[in-house]
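A quick write-up on the structure given underneath.
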Amino acid sequence: MTIDPNLLDDLEWRGLLAHTTDRDALRDALSGGSVRFYVGFDPTAPSLHMGNLVQILTARRLQLAGHTPYALVGGATGMIGDPKDSGERTLNSLDTVKEWVANVRRQIEPFLSFEGENAATMVDNYDWTASLSTIDFLRDIGKHFPVNRMLARETVRRRLESGISYTEFSYVLLQSMDFLNLYRDHGVTLQHGGSDQWGNITGGVELIRRAAAGHAHAFATPLITKGDGTKYGKTEGGALWLDPQMMSPYAFFQFWLNVEDSQVVEMLKIFTFLDRDEIEELARQTEEKPFLRAGQKALAEHVTTLVHGAEETAQVQAAAAALFGGGDLGGLSPATLGAALREAGSTSVSGELPSYVDLMVETGLAKSRGDARRTIADGGAYLNNQRVEDAELVPSSSDLVGGSWLVLRRGKKTFAGVEVTPI
RNA sequence: GGCAGGUUGCCCGAGCGGCCAAUGGGAGCGGACUGUAAAUCCGCCGGAGUAUUCCUUCGAAGGUUCGAAUCCUUCACCUGCCA
């Protein structure tokens, strides 16, 4: 396996290095041979999301450059929960965590190679944490953590006002112990993660120094924020999930396609494997002809392909092209229309057609009948690309497009299909 | 254990016996303008209803009152101070 000597420069150019330990030492290590590195994922939800994707892709970049990944799932740390600003977490049951651990593993696996000289390894910190006795933990690990230093950590400090349990306060010890264990048992000398994890990451570097007199490296990627600095990932309905059950590939694709101009280059660097020349060309096009949205299109295509595969991406693109193609839905073939609407989200009804208001609720376009009625009053409801003026509208069979479809739309870009089947 | 303060809609945060479905901000949704972009402006933003209206909400359960998010009691949780 050859080692890519430009890895660190590439990461830097992509804006992936928000923090690093000694940069020169890190550079030396990365050019000296295949470095064993690790990145951890806590099962705090049924699926991984955009923030995790940054780490997965970063790990992949490192592996492609010749280094050896250890992907850690937090079967143990997921039982505890790291402190977050919004307050104390609710503990999840062991069964829930186990289920989520399995999901996490499944979602990470496609992104790394588990074969060859620098094959990836999957580890679970439950394996070395569950059986650890309290006394050993306090003597061997706790002794290396001065509480005054722990209190000074940013995440903890922000929580001192609102309160923080001993459980979450102790989280950093567990994550640090992970690094120490991987260092001892597997020769892992590098950890990366999101910048919100920096405190936990450096905790591990320090522990390795104190407890094993070893030298380890680390870097953190920046938090992805919107143009106005607010947190990303919280789109309508919650985070940007990788699980197609939780977020359809269509919605996933649309998210990337709708990235604002000021963010698109940054996103291309972080979320695609396009090289520098290609991204700079897209940046130029975005600058000169923003209305063509070349950057967004490339971004959506590449990221959706990475996560959901080329075949799904092609279908989703075709769906978007059909729905956004123009006003005349009647010109589409029934097969194309049906496929597009199934991607965008659809329900089916048989027999007598419900009112438009009920259909909006049923397809999820509106939260309640009142919401649906309001949307119509606001002028944001469409049937087959025709604005709906009458809140009492009941579609008839003459409204069917492509033989059996009603195309509902809320606002400019939220579509839903209703497939009407005969009784 | 004692004392003080707190728990309000998705989030933050007013309200402190009737004028409260509850000020304001943020988020979200829709419209106008555009490029399925940003910014800006306008409207909406508990549920049902065309609607005068009705129903369910202000930590939980009781109570006082013609009437409570607002007063009282008990409980739970949180914060601070003192032990």
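Each chain gets a letter, A, B and so on, in the order the sequences are listed, and its residues count up from 1.
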Exercise for review: Quickly work out the A:E287 CD to B:A37 P distance and round it to whole Å.
Suggested key: 19 Å
Practice item. Measure the distance from CD on A:E168 to P on B:C78 and round it to the nearest whole Å. Key: 13 Å
Exercise for review: Could you identify which residues of residues 289-303 of chain A place a heavy atom less than 4.0 Å from some atom of RNA chain B, listed by residue number, or say none?
Suggested key: A:P290, A:F291, A:R293, A:Q296
Would you mind pulling out the nucleotide paired to [N], Watson-Crick or G-U wobble, both distances under 3.5 Å?
| N | result |
| --- | --- |
| B:C16 | none |
| B:U65 | none |
| B:G5 | B:C78 |
| B:A51 | none |
| B:C33 | none |
| B:C44 | B:G28 |
| B:U70 | none |

Does [X] reach a base, just sugar-phosphate, or nothing at all? Heavy atoms under 4.0 Å.
| X | result |
| --- | --- |
| A:A381 | nothing |
| A:F415 | nothing |
| A:R387 | sugar-phosphate |

Are there any protein N/O atoms within less than 3.5 Å of an N/O atom in nucleotides 53-57 of chain B, and if so, which ones and at what distance?
none

**Study point:** Qualifying residues under side chain to side chain contact (heavy atoms under 4.5 Å, CB included), relative to A:T221, sequence neighbours excluded
**Key:** A:L16, A:V54, A:Q55, A:T58, A:F219
What about [X] and [Y], are their ring centers closer than 6.0 Å?
| X | Y | result |
| --- | --- | --- |
| A:H302 | A:F271 | no |
| A:Y38 | A:F179 | yes |
| A:F415 | A:F324 | yes |

Check your understanding: What is the distance from atom CZ of A:R27 to atom CG of A:L7, rounded to the nearest 0.5 Å?
Key -> 9.5 Å
Practice item. Kindly check if the number of other-residue, nucleotide or ligand heavy atoms within 6.0 Å of CD (A:E288) is above 12? Key: yes
Does the side chain of [X] come under 3.5 Å of the side chain of [Y] through a donor N or O and an acceptor N or O?
| X | Y | answer |
| --- | --- | --- |
| A:D261 | A:Q296 | yes |
| A:R409 | A:N384 | no |
| A:D371 | A:S368 | no |

**Study point:** Among B:C29, B:A37, B:U50, the one nearest A:R410 by side-chain distance
**Key:** B:C29
Review point. In terms of the nearest nucleotide of RNA chain B, which residue is placed more toward the 5' end: A:K413 or A:G380?
Key: A:G380
Closer than 4.0 Å, any side-chain N/O of [X] to the OP1 or OP2 of [N]?
| X | N | result |
| --- | --- | --- |
| A:K412 | B:C29 | no |
| A:S368 | B:G47 | yes |
| A:R374 | B:G31 | no |

Exercise for review: For nucleotides B:U23 and B:G9, find the distance between their P atoms and express it as a whole number of Å.
Suggested key: 13 Å
Review point. Is NZ or CZ of A:R61 both nearer than 6.0 Å to the six-membered ring centre of A:F273 and within 45° of the ring axis?
Key: yes
